[in-house]
Amino acid sequence: MITTENVVAVRNLRKEYGENAALDGVSFDIHRGETFALLGPNGAGKSTAIEILEGYRRRSSGEVSVLGRDPEKGGLDWKARLGIVLQSSGETGAVTVREQLSHFAALYPNPRDVDEVIAAVGLEAKAGSLIRKLSGGQRRRVDVAVGIIGRPELLFLDEPTTGFDPEARRDFWALIRRLQGEGTTILLTTHYLDEAAQLGDRAGVIAKGRMVALAPIDELGGADARVPVVRWLEGAALREERTQRPGELVAALVARLGAEPDGLEVIRPSLEDVYLSLVGREHADDLSPVEVAS
Amino acid sequence: MSGVTRALRLGALRIGYEVRAYFRQGDTVFFTFLFPVVMLTIFSVSFSEASFGQTADGDDITAAWFFLPAMLAAGVLLSGLQNLAIDIALEKSNGTLKRLAGSPLPIVSYFIGKIGQSLVTGTAQALVLLLLGFTVFQVPLPEEPERWLDFAWIFLLGVITSAILGIALSAVPRSGASATAVVIPITLVLQFISGVYLRFSDLPEWLQNVAAVFPLKWMAQGMRSVFLPDELVALEQNESWDLPGIAIALLIWLVAGLILTRLTFRWIRRDS
């Protein structure tokens with residue numbers, strides 16, 4: 001039932017910590033060459049899932065195949081085909097950006113060129129600096145550079161752009177598009193829905209350990225979730241109507257009222273609106289639940 | 001390329017990487033690398049008037065002469081055990097090991113890098129100590145090649161054993177922040193009871209026997225056998241340098257360290 005055409009195949013994945021199920025029967029596939037965005041609030045199980053796929057954690061039950069191998073039994077040749085950008089940068093010993101990348105390049109059979117990778121993450125000016133002297137955003141870029149230096153077939157990006165300024169984020173997107181152009185399969189987790197929309201082909205939304213939606217990004221939540229909403233004030237009451245033809249509705253409204261409606265809005269639900277309706281607002285606003293995986 | 005060749009080649013690469021990083025860390029350079037050098041200087045200067053015995057020719061044995069072998073032994077322990085136990089505990093807690101665990105680096109290459117780092121930095125440290133003792137404090141160094149041969153195997157076996165015990169001990173600290181607090185008291189107590197800071201022959205016999213359970217006593221004894229005049233053998237336990245005993249004690253600890261490492265070392269704390 002798990003085929004090797006999929007770079008990643010996950011079936012009924014469960015992970016329990018004592019009584020608590022961090023993942024409660026999650027299933028999804030990632031096809032070769034696609035970018036799959038795993039979305040969900042903190043503590044929903046995203047990082048637990050990604051770390052099981054990376055081979056860092058054991059699963060309680062279910063089936064997992066990554067590049068045709070069970071991650072719990074992945075050997076060095078299997079690791080050589082992966083690129084991993086962990087959620088936290090951690091610290092690095094006293095080595096420079098170029099030393100770190102040259103060193104990691106030497107671990108892989110067919111690495112990218114070190115200077116090209118340094119340029120791709122925009123750290124040419126810092127190539128000779130000790131990593132611990134860099135800013136948080138610059139260190140994150142070193143993480144990404146280390147993640148791609150081995151020319152991975154499958155790249156894991158766990159909240160890669162946390163701490164980036166808007167310009168750095170745009171540069172990062174351009175870099176990921178180049179990797180996509182070269183056929184790299186990518187699993188991305190992110191809190192930035194614009195990032196998921198920019199980079200992702202398909203997305204899965206995890207909430208409370210369950211996959212609540214799984215679809216191409218622009219179909220997430222189903223067609224109904226994207227029907228435009230027209231809102232206006234009539235007397236003191238807020239009126240709202242969902243319609244595929246908002247222009248017609250507004251025209252009819254103006255004709256009926258004989259005047260400009262008060263507080264008129266036509267809202268096309270954004271990915272963020274769809275996402276929030278999927279995970280439930282109370283989760284999205286709550287930033288503090290225990291992040292089991294970190 | 002076969003797995004073994006690859007592991008060795010990457011191990012050699014790790015040594016270069018580790019040594020470079022080591023000398024860029026101000027605190028390790030001071031507390032591990034220069035510490036025995038500083039202690040030798042302090043002892044040599046503060047006890048410059050004291051005599052630690054006489055040679056057969058009637059020459060006084062100076063403090064520097066007496067403490068040089070002790071500091072060489074301390075250096076072996078610090079470069080191996082203290083350095084690696086703290087270093088690896090920190091790497092475990094700061095994410096370095098997790099990153100390496102996700103890369104195709106063989107675990108053996110990682111160990112080769114760490115042991116190699118101990119050997120390179122320990123050798124440099126021994127050279128500094130010998131040079132300081134010889135030039136500044138005019139300690140007479142042995143002329144017989146056999147003595148230097150003894151020095152070579154005691155030093156090599158001592159550093160490798162210390163390094164492997166350091167890797168094993170790195171599993172004990174619960175966090176990187178507590179690593180120095182766990183490791184330094186252990187090495188400090190060992191140095192006091194093993195004849196590094198205090199004259200071993202002055203210790204009560206029961207304490208000497210306790211010290212003889214641990215490897216540092218044997219390394220210090222080995223270094224004394226190389227650098228002190230033969231007459232001082234009278235101060236040793238059983239009035240013998242007991243070189244075979246040194247080899248056996250260090251080899252037993254080496255094997256114990258390997259077994260402990262095999263049982264306890266994990267790239268990351270993996271949940272069940």
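Keep in mind that what you see is a predicted model, and the values were worked out from it rather than measured. Each chain gets a letter, A, B and so on, in the order the sequences are listed, and its residues count up from 1.
- Residues B:Thr96 and A:Thr92 form no side-chain contact, since every pair of their non-hydrogen atoms from C-beta on lies 4.5 Å or further apart.
- The two residues B:Ala101 and A:Tyr56 make their nearest non-hydrogen contact at CB-CE2, 3.9 Å.
- For the pair B:Arg24 and A:Glu99, the salt-bridge criterion is met [side-chain N within less than 4.0 Å of a carboxylate O].
- Take A:Tyr192 and apply the side-chain hydrogen bond (donor to acceptor under 3.5 Å, both in side chains) test, not counting sequence neighbours, and it matches A:Arg169.
- The 12-atom threshold is exceeded at CZ of B:Phe23, counting heavy atoms of other residues, nucleotides or ligands nearer than 6.0 Å.
- Among residues two or more places apart in sequence or in another chain, the side-chain hydrogen bond (donor to acceptor under 3.5 Å, both in side chains) test is passed with A:Ser102 by none.
- A distance of 11.5 Å separates OG of A:Ser89 from CG of B:Asn94, quoted to the nearest 0.5 Å.
- Annotation for A:Leu107 and B:Arg6: closest pair O-NH2, 2.8 Å, computed over non-hydrogen atoms.
- Residue-level contacts of residues 103-117 of chain B with chain A, in order of numbering, are B:Ser103, B:Pro104, B:Leu105, B:Pro106; threshold 4.5 Å between heavy atoms.
- Between A:Glu91 and B:Leu90 the shortest side-chain heavy-atom distance does not fall below 4.5 Å.
- Between A:Glu54 and B:Lys98 there is no salt bridge, since none of the side-chain N atoms of the basic residue sits less than 4.0 Å from a carboxylate O of the acidic one.
- For chain B, the nearby part of A:Ile84 is the side chain; its heavy atoms alone come within less than 4.5 Å.
- Residues of residues 132-158 of chain A having a heavy atom under 4.5 Å from any heavy atom of chain B, listed by number: A:Arg132, A:Asp143, A:Val146.
- When side chains are defined from C-beta on, A:His103 counts as touching B:Leu13, because their heavy atoms get closer than 4.5 Å.
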